Amino acid sequence: MNTSPIAIVEELHRRQAEMYAGGPVEPVKELLDEGIVWHVPGRSPIAGDHRGPNAVLDYFSRRRAIANGTMRMTPKGALEDGDAVAMLVDGRAELGGEAVEWSTVGVYRIRAGRIAEVWLVPLDAQRFDELWSRQASPVDLRDHIRDVPDFPKPGIVFKDITPLLLDPTAFDRALRDLAGHARPLDVDLIVSAEARGFIFGGALARELGVGFVPARKPGKLPYETISARYGLEYGVDELQLHVDALAGGKRVLIHDDVLATGGTCKAKIELVEQLGGEVVGCAFVVELAFLGGRELLAPHDVHALVRFEEQ
Ligand code: AMP
């Protein structure tokens with residue numbers, strides 16, 4: 001085998017691709033120094049510094065999804081033993097039925113024909129983190145949503161998200177998925193109504209690095225307000241925003257935990273539009289599709305992490 005550092009790393013990638021496709025781990029291990037140190041970024045279960053061939057390999061060999069990694073760049077010129085090789089690695093995979101792509105700079109230090117140290121440097125750290133956490137924790141959010149029949153009144157099946165909030169992995173996953181949807185929308189602000197809307201709403205704003213606007217029931221907001229009324233099954237209700245709520249920007253994402261009939265969300269859209277804002281999307285954890293909320297909110301973009309087609 002060609003023992004130039006570049007050839008070794010190229011060989012590593014070739015063997016890794018086979019491993020991800022279900023092939024053996026041993027040929028990959030052969031290329032790794034016994035004392036190899038991995039520097040892995042992010043918040044995945046293997047993030048941090050690890051020593052030894054198995055430390056990270058075991059994890060990767062079980063994560064077949066990171067297939068088809070292709071290299072786009074190799075450094076020019078001769079390299080000595082002990083030098084580090086940097087490569088831009090494009091990953092492409094199907095994760096949870098969704099096609100995803102990411103780019104990472106891998107830096108590999110070669111000693112005596114084997115890889116002795118690896119740094120993974122994601123170009124978009126947040127995105128990389130998100131993908132890894134998705135592979136690391138295949139969470140089915142449905143398992144964390146509890147049906148409570150006849151609450152708050154007979155005939156209603158209440159979708160209770162408190163079990164999801166209680167599980168940090170599920171909470172994190174839901175939040176990252178909401179953020180992943182929102183990021184390309186170039187949002188300035190998140191608008192959510194009390195009380196459950198505040199839980200994800202505030203966290204989502206923090207995750208995206210944008211402002212948060214609370215929509216509240218009458219009498220709760222201390223400063224000057226505007227109002228919108230909306231229909232409930234029995235009677236009407238009202239939501240308010242501060243008049244200066246959109247001072248942080250005009251592109252608004254509306255969030256609530258559950259989309260039912262869509263009445264509450266429509267009221268929030270009205271409030272945002274009264275203030276001259278643009279609603280660029282409505283994002284929910286749960287959608288009760290059989291209640292037609294999506295149709296009521298059209299043509300606004302509606303996104304939900306979990307859809308229930310029937311009660
Ligand atoms: P909507 O009918 O879409 O205006 O929903 C009204 C509010 O009640 C929203 O904040 C929803 O989160 C909540 N909600 C309505 N129906 C349910 C349900 N079955 N389970 C949980 N929350 C609900």
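Every number for a ligand or one of its atoms is a count from 1 in the order of the listing. Predicted model only: the values in this text are computed from it and were never measured.
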Practice item. Provide the number and element of each atom of ligand 1 under 4.0 Å from a heavy atom of L288. Key: 18 (C), 19 (N)

Check your understanding: Would you find a donor on one side and an acceptor on the other, under 3.5 Å apart, between the side chain of H255 and the backbone of A283?
Key -> yes

Study note, to complete from the structure: closest protein heavy atom to atom 20 (N) of ligand 1 is K159 N, 2.8 Å

Review point. Heavy-atom contact under 4.0 Å between G293 and ligand 1?
Key: no

Check your understanding: To which protein heavy atom is atom 19 (N) of ligand 1 closest, and what is the distance rounded to 0.1 Å?
Key -> V157 O, 3.0 Å

Review point. Do H303 and H181 come within less than 4.5 Å of each other through their side chains, counting heavy atoms only?
Key: yes

Review point. Does any N/O atom on G263 come nearer than 3.5 Å to any N/O atom on ligand 1?
Key: yes

Study note, to complete from the structure: Nearest non-hydrogen protein atom to atom 7 (C) of ligand 1, with distance, is T264 OG1, 3.7 Å

Exercise for review: Measure the distance from atom 8 (O) of ligand 1 to every protein heavy atom, then report the residue, atom name and distance (to 0.1 Å) of the closest one.
Suggested key: R196 NH2, 4.4 Å

Check your understanding: Can you tell me which residue and heavy atom of the protein come closest to atom 3 (O) of ligand 1, and the distance to 0.1 Å?
Key -> G262 N, 2.7 Å

Point to revise | Crowding at CD, E309 (>12 non-hydrogen neighbours, <6.0 Å) | key: yes

Check your understanding: Counting distance only, does the side-chain N/O of R216 pair as donor-acceptor with the main-chain N or O of A193 below 3.5 Å?
Key -> no

Study note, to complete from the structure: the protein heavy atom lying closest to atom 9 (C) of ligand 1 turns out to be D256 OD2, 3.4 Å

Check your understanding: Is there a path from I254 to L296 through hydrophobic residues (I, L, V, M, F, W, Y) whose side chains come within less than 4.5 Å of each other?
Key -> no

Review point. Are any of the side-chain heavy atoms of D301 and V280 separated by less than 4.5 Å?
Key: no

Exercise for review: Can you spot which of L164, D167, V286 makes a side-chain contact (heavy atoms from CB on, under 4.5 Å) with L141?
Suggested key: L164

**Study point:** Distance filter under 4.0 Å to D257 heavy atoms, resulting ligand 1 atoms
**Key:** 12 (O)

Check your understanding: Which residue holds the protein heavy atom closest to atom 16 (N) of ligand 1, what is that atom called, and what is the gap in Å?
Key -> A260 CB, 3.5 Å

Review point. Would you call the rings of F171 and F200 parallel, tilted or perpendicular if under 30° counts as parallel and over 60° as perpendicular?
Key: perpendicular

Exercise for review: Mark yes or no: R307 above the aromatic ring of F284, with NZ or CZ under 6.0 Å from the six-membered ring centre and no more than 45 degrees from the axis.
Suggested key: no

Review point. Counting each atom of ligand 1 from 1 as listed, which ones have a heavy atom of T261 under 4.0 Å away?
Key: 1 (P), 2 (O), 3 (O), 4 (O)

Study note, to complete from the structure: Nearest non-hydrogen protein atom to atom 23 (C) of ligand 1, with distance, is V258 CG1, 3.9 Å

